[in-house]
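Values reported hereafter were calculated over all heavy atoms of this structure, with side chains retained and with hydrogens, waters and symmetry mates removed. Quantities reported herein were computed from a predicted structural model and do not represent experimental measurements. Chain letters run A, B, ... following the sequence lines, proteins first and then strands; every chain starts at 1.
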Amino acid sequence: MPLKLSRIYTSLLLLFFSANIFANPVEKLDGSKEFDVNEMIMHHIKDSHEFHIMDINGHAVSFPLPIILWTENGLVTFLSSEFDHDDAGKVIVKKKQQAFVKYHEKIYYAEQTGYLGKYVIYDNNGVVLNKKPLDLSITKMVFSMFLSMLLLVLIFVATARTYSKSKKGEPTGLGKFTEPLVMFIKDEVALPMIGEKNYQKYMPFLLTLFFFIWINNVMGLIPFFPFSANLSGNIAFTFVLAAITFVITTIVANKDYWKHIFWMPGIPVPMKLFLAPIEFLGIFIKPISLMIRLFANISAGHIIILSLISLIFIFKSLWLAPASLFFSVFISLIEVLVVAIQAYIFTMLSALYIGSAIEEHEH
Amino acid sequence: MDLVTPDIGLIFWTTVSFAILYFILAKFAWKPILGAVNEREKSIKDALSAAEKAKEEMVNLKADNEKILNEAKLQRESLLKEAREIKSKIIADAESEATEKANKLVETAKIAIENEKSAAMKELQDTVVDLSLNIAEKLLSKELDNKEKQLKNIQDILDKTKLN
Amino acid sequence: MSLIIFLQETLVDYGAFAAIGAGLAAIGAGIGIGQIGGSAMEAMARQPEMQGKLQGSAIVLIAFVEAVALFAVVVSLIK
């Protein structure tokens, strides 16, 4: 009965997917719930303190994650399940003579008195006025990141081990799959961008960067529990990676690089004065464009897929489901390509910036 | 706006994670993998250069072989030529020797024939003299009385009419 | 008349402007991607033996152009 089995799998998959969508119905003032596409999509692509798996009979089933706070009274840790799925600032958790409340996936010090059952106060623009502790929680994205690290270490340490087993350094088993990828980074990214003289030094960084981004991109595309976190579509993640590239570029840069920025050789003096500020800004614009490119691409991919799925709920018609599903599967397939290309582009541009910083000019 | 504001917690964890991941992978994965790959590439490069060298040597060897072959050919040719010369010389020698021998043989035969002939002539002469003498004696004894005088006359006649 | 009403309504709702901005960026990116794709096709037709290389660089270039459109989307996300 392979047909039946596959049908079960398919329906399970759809259940997971739809369960995630139903996760956050908006509660109106009169208590009725209505599906809000914007809210749902934003909820999905943003970080969360618990890993929502699915809803059963309106009751959320989620994987609790540890909350780690650096507060005025020192380190406070507890599980996110203590908030009891509350995200509206209604449930208070008391630790070390302090009260905390979670509102829109941010943790605040709770106000002494609640208003309308909420222990947060905000101004007319909806900006929360409560004080915030430093939030170092293992959120959904951090959890996803740890998972990706574990996977990467398992995959590549296993790959490395196949080399010691095989004779003559030939790849066997897993190495047959991973080695072409490593060789791709070496031959298509590191060698042409950095040059034969120095590329060996930056290979570990480029490889780690590429696979870290790629695996997180792919994990974000898988729409059920241990995956589906939009980590590489989070600006904090891309910010850190771009910042690392920026720091490396700045540290290893040689005299030529700085000379080309502040006093471009070979052009008249007024032009030099004109170019210097542009080139100087370029130092920062390059990593910022790296950061935004990855963030925007991956987030946009998630938004498009979720929007297409949401069409069913917007039009409240099941007849739209086939078209909606078809397009979302189509976009998902394109996304599989896009996430690989984005990981490649991020790595390639990092290599390019590093290469331009250590390039030796002959004139 | 919230979407494009980096979260401090995630920044912290991403930095820590990336650093840890970098050091773990660099030590336990990239180093052995890249080491193996580089070593293999080096061995391939070495093998290729060795093959190139062998090819070059082969070409040299071939050239040498050709040279030797050419020399051998030349030698053979000269040997053959010499042999041919010797052969023709031998033949010529043999021919001339044979001719000489034949000539000699003919010469001796001629001499012998001459000798035999002259001996036979002499014998014939003697025989004829005897015969003629006998005849003459018989004739003259009947017709002549002066035997001595007649004999002398006959000898004179015979001397004048020597048989040739 | 309806245009004025539309403008009056949209002036209050900045989100609509964001959507228009994103749409304009999409037009630009569409033109850019079309140019790249067309040129890549032409080049491939001219030199079929270079197909692999051309395809690779065309995809990368398209990703670059697409990123520009997504920058606009990000800007429109910042309210």
Side-chain angles (χ1 to χ4, degrees), chain A residues 42 45-47 68-69 104-106 134-139 141-142 145-146 148-149 152-153 155-164 166 168-171 175 178-179 182-183 186 200 203-205 207-209 211-212 231 233-241 243-244 291-292 295-296 299, chain B residues 1-70:
Chain A
M42 285 302 151
I45 63 175
K46 274 190 198 167
D47 207 351
I68 303 165
L69 301 172
H104 285 185
E105 291 305 342
K106 283 199 165 61
L134 184 59
D135 187 356
L136 299 177
S137 306
I138 309 295
T139 58
M141 290 190 176
V142 179
M145 185 154 59
F146 288 166
S148 71
M149 281 168 70
L152 279 182
V153 169
I155 292 169
F156 286 104
V157 171
T159 303
R161 206 167 282 167
T162 63
Y163 281 97
S164 56
S166 72
K168 292 184 254 166
E170 283 164 356
T178 48
E179 198 199 273
V182 174
M183 295 304 283
K186 182 180 169 233
Q200 293 275 14
M203 273 302 283
F205 169 67
L207 286 168
T208 313
L209 192 66
F211 288 109
F212 195 40
L231 176 59
N234 188 299
I235 196 137
F237 178 82
T238 60
F239 167 78
V240 171
L241 297 183
I244 292 170
M291 168 177 87
I292 293 180
F295 155 72
S299 284
Chain B
M1 196 66 207
D2 201 26
L3 200 61
V4 286
T5 317
D7 181 55
I8 304 285
L10 196 51
I11 288 179
F12 170 76
W13 284 115
T14 310
T15 316
V16 171
S17 302
F18 191 83
I20 292 171
L21 188 69
Y22 176 81
F23 284 112
I24 292 178
L25 285 185
K27 189 154 196 282
F28 297 108
W30 305 140
K31 210 174 152 195
I33 292 174
L34 290 175
V37 166
N38 284 341
E39 206 166 288
R40 199 179 58 213
E41 273 184 359
K42 205 180 148 234
S43 74
I44 288 172
K45 213 183 260 174
D46 285 356
L48 274 180
S49 68
E52 197 71 26
K53 224 181 202 172
K55 210 169 157 191
E56 223 163 76
E57 255 166 41
M58 195 84 133
V59 168
N60 281 350
L61 220 65
K62 225 176 183 177
D64 275 5
N65 271 353
E66 218 142 88
K67 211 168 134 195
I68 289 171
L69 210 70
N70 273 348

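Scanning both residues, B:Ala36 and A:Tyr163, for their nearest heavy atoms gives CB-CD2, 3.3 Å. When every heavy atom of B:Ala29 is checked against every heavy atom of A:Val157, the shortest pair comes out as CB-N, 4.3 Å. Of all non-hydrogen atoms in B:Leu10 and A:Ala236, the two that sit nearest each other are CB-CB, 3.8 Å.
Using a 4.5 Å cut-off between heavy atoms, B:Phe28 contacts chain A through both its backbone and its side chain. Residue A:Leu209 touches chain B through both its backbone and its side chain, counting heavy-atom pairs closer than 4.5 Å. Proximity to chain A (any heavy atom under 4.5 Å) is shown, for B:Leu21, by both the backbone and the side chain. Proximity to chain A (any heavy atom under 4.5 Å) is restricted, for B:Leu25, to the side chain, taken from C-beta onward. Heavy-atom distances place no part of A:Met291 under 4.5 Å from chain B, backbone and side chain included.
The shortest distance between side-chain heavy atoms of A:Ile68 and B:Trp13 falls below 4.5 Å. Between B:Ile24 and A:Met149, every side-chain heavy-atom pair lies at or beyond the 4.5 Å cut-off. Residues B:Glu41 and A:Lys186 form a side-chain contact, since some pair of their non-hydrogen atoms from C-beta on lies under 4.5 Å apart. At a threshold of 4.5 Å between non-hydrogen side-chain atoms, the residues B:Thr5 and A:Ile235 do not count as touching.
Taking OH of B:Tyr22 as the start and CZ of A:Phe205 as the end, the distance is 8.5 Å to the nearest 0.5 Å. Expressed to the nearest 0.5 Å, how far OG of B:Ser17 lies from CG of A:Leu231 amounts to 9.0 Å. In this structure, CZ in B:Arg40 is found 4.0 Å from CD in A:Glu179, a value given to the nearest 0.5 Å. Here the straight-line distance linking atom CG of A:Leu136 with atom CG of B:Asp7 works out to 9.0 Å at 0.5 Å rounding. For the atom pair CE of A:Met203 and CD1 of B:Ile33, the computed distance is 10.0 Å after rounding to the nearest 0.5 Å. Note that CZ of B:Phe18 and CG of A:Leu241 are 6.0 Å apart. Values are rounded to the nearest 0.5 Å.
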Next item on the list: Check step by step if side-chain contact (heavy atoms from CB on, under 4.5 Å) holds for B:Ile8 and A:Asp135.
Entry: CA-CA 7 Å; B:Ile8 304 285; A:Asp135 187 356; over 6 Å; no
Next item on the list: Let me see the working for A:Leu207 and B:Leu34 under side-chain contact (heavy atoms from CB on, under 4.5 Å), right down to the final yes or no.
Entry: CA-CA 11 Å; A:Leu207 286 168; B:Leu34 290 175; 4.1 Å; yes
Note to self: Run the side-chain contact (heavy atoms from CB on, under 4.5 Å) test on B:Thr14 and A:Phe239 for me, step by step, so that the C-alpha distance in whole Å, both residues' side-chain angles and the decisive distance to 0.1 Å come before the verdict.
What the structure shows: CA-CA 9 Å; B:Thr14 310; A:Phe239 167 78; over 6 Å; no
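In summary, the aromatic rings of A:Phe211 and B:Trp30 are positioned with their centroids under 6.0 Å apart.
Crowding of B:Glu39 atom CD: a count of heavy atoms from other residues, nucleotides or ligands under 6.0 Å not exceeding 12. Heavy atoms from other residues, nucleotides or ligands lying under 6.0 Å from CG of A:Leu134 number more than 12.
Options A:Asp47, A:Val182, A:Val240 differ in how many heavy-atom pairs under 4.5 Å they form with chain B, and the most are formed by A:Val240. Counting heavy-atom pairs closer than 4.5 Å to chain B, the top-ranked of the candidates A:Thr178, A:Val142, A:Val153, A:Ile155 is A:Val142.
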